[in-house]
Undergrad: 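The structure that follows is given in the form of structure tokens.
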Amino acid sequence: QVQLVESGGGAVQAGGSLRLSCAASIRTYSKCMAWFRQDPGKERERVASVDSDGGIYYASSVKGRFTISKDDDKNTATLQMNSLQPEDTAMYFCAIRNWYCQEAPWQYTDWGQGTQVTVSS
């Protein structure tokens with residue numbers, strides 16, 4: 001079974017930055033790696049993702065503020081989050097699937113345990 005371990009969450013004030021990391025227990029060169037987030041009572045939404053060939057997606061709400069990257073030598077994915085706002089508060093999850101990223105959470109085969117991000121105004 002694939003293990004994904006997230007780290008880097010925490011509490012910051014609006015305008016601050018956090019860097020989330022996801023370490024995979026498998027080789028990631030043929031994988032899409034994605035970051036989702038979820039507030040209680042809301043659907044899990046894709047925030048950013050990177051395909052196996054480097055294609056990148058950002059949700060419109062984070063474009064220009066968040067940067068995703070994938071290191072296939074280290075089997076990790078990183079989400080750099082700048083200019084954080086209170087509406088970014090959520091549990092953030094790392095997810096993985098083969099080759100190309102998709103929109104829906106059910107299309108991902110494995111998930112991390114999540115890391116909490118809290119942004120205060």
Undergrad: Less than 4.5 Å apart, any side-chain heavy atom of Val119 and any of Glu87?
TA: no
Undergrad: Going by the rule side chain to side chain contact (heavy atoms under 4.5 Å, CB included), which residues pair with Val2 if we only count those two or more places apart in sequence or in a different chain?
TA: Leu4, Ser25, Ile26, Ile96, Asp110
Undergrad: Could you measure the distance from the CD atom of Gln113 to the CE atom of Met91? Nearest 0.5 Å is fine.
TA: 8.5 Å
Undergrad: Hey, could you give me the CG/CE distance between Asn75 and Met33, rounded to the nearest 0.5 Å?
TA: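 Interatomic distance, Asn75 CG to Met33 CE, rounded to 0.5 Å: 8.0 Å.
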Undergrad: Check for me, please, whether Val62 and Phe36 land in the same ILVMFWY cluster - side-chain distances under 4.5 Å, paths through other members count.
TA: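 No: no chain of side-chain contacts under 4.5 Å links Val62 to Phe36.
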Undergrad: Within the 4.5 Å heavy-atom criterion, are Arg65 and Met81 side-chain neighbours or not?
TA: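 Counting from C-beta outward, Arg65 and Met81 never come under 4.5 Å.
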Undergrad: Could I get the full list of side chain to side chain contact (heavy atoms under 4.5 Å, CB included) partners for Glu103, not counting sequence neighbours?
TA: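 Arg46, Tyr57.
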Undergrad: Mind checking the NZ-OH spacing from Lys31 to Tyr108? Nearest 0.5 Å is all I need.
TA: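 Separation between the atoms: 13.0 Å.
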Undergrad: How about Phe66 and Trp35: are their ring centres within less than 6.0 Å of each other?
TA: no
Undergrad: Say whether, by atom type as modelled, one donor and one acceptor occur between the side chain of Asp39 and the main chain of Lys42 under 3.5 angstrom.
TA: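 Looks like no, no N/O pair under 3.5 Å.
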Undergrad: Would a 4.5 Å heavy-atom cut-off, applied to side chains only, mark Ile56 and Ile68 as touching?
TA: yes
Undergrad: Taking only residues two or more places apart in sequence, or in another chain, which ones meet Gln38 in a side chain to side chain contact (heavy atoms under 4.5 Å, CB included)?
TA: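 Listed in chain order: Arg44, Phe93.
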Undergrad: Please enumerate all residues that pass side chain to side chain contact (heavy atoms under 4.5 Å, CB included) together with Ser61, with sequence neighbours excluded.
TA: Arg37, Ala59
Undergrad: Could you identify which residues cluster with Tyr100, counting Ile, Leu, Val, Met, Phe, Trp and Tyr as linked when any side-chain heavy atoms lie under 4.5 Å apart, either directly or through a chain of such contacts?
TA: Trp99
Undergrad: How many angstroms lie between atom CG of Asp51 and atom NZ of Lys70, to the nearest 0.5 angstrom?
TA: 8.5 Å
Undergrad: Rounded to the nearest 0.5 Å, what separates atom OG in Ser30 from atom CG in Asp53?
TA: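 Answer for the OG-CG pair, Ser30 versus Asp53, is 11.5 Å.
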Undergrad: Mind listing the side-chain donor-acceptor pairs of residues 7-21 below 3.5 Å, one per line with the distance, residues two or more places apart or on another chain?
TA:
{"residue": "Ser17", "atom": "OG", "partner": "Asn82", "partner atom": "OD1", "Å": "2.9"}
{"residue": "Arg19", "atom": "NH1", "partner": "Gln80", "partner atom": "OE1", "Å": "2.9"}

Undergrad: Would you indicate whether Gln3, at its atom CD, is surrounded by more than 12 heavy atoms from other residues, nucleotides or ligands within a distance under 6.0 Å?
TA: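 No, because the 6.0 Å sphere around CD of Gln3 holds 12 heavy atoms or fewer from other groups.
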Undergrad: Main chain of Glu43, side chain of Glu45: is a donor-acceptor contact present, judged purely on distance under 3.5 Å?
TA: no
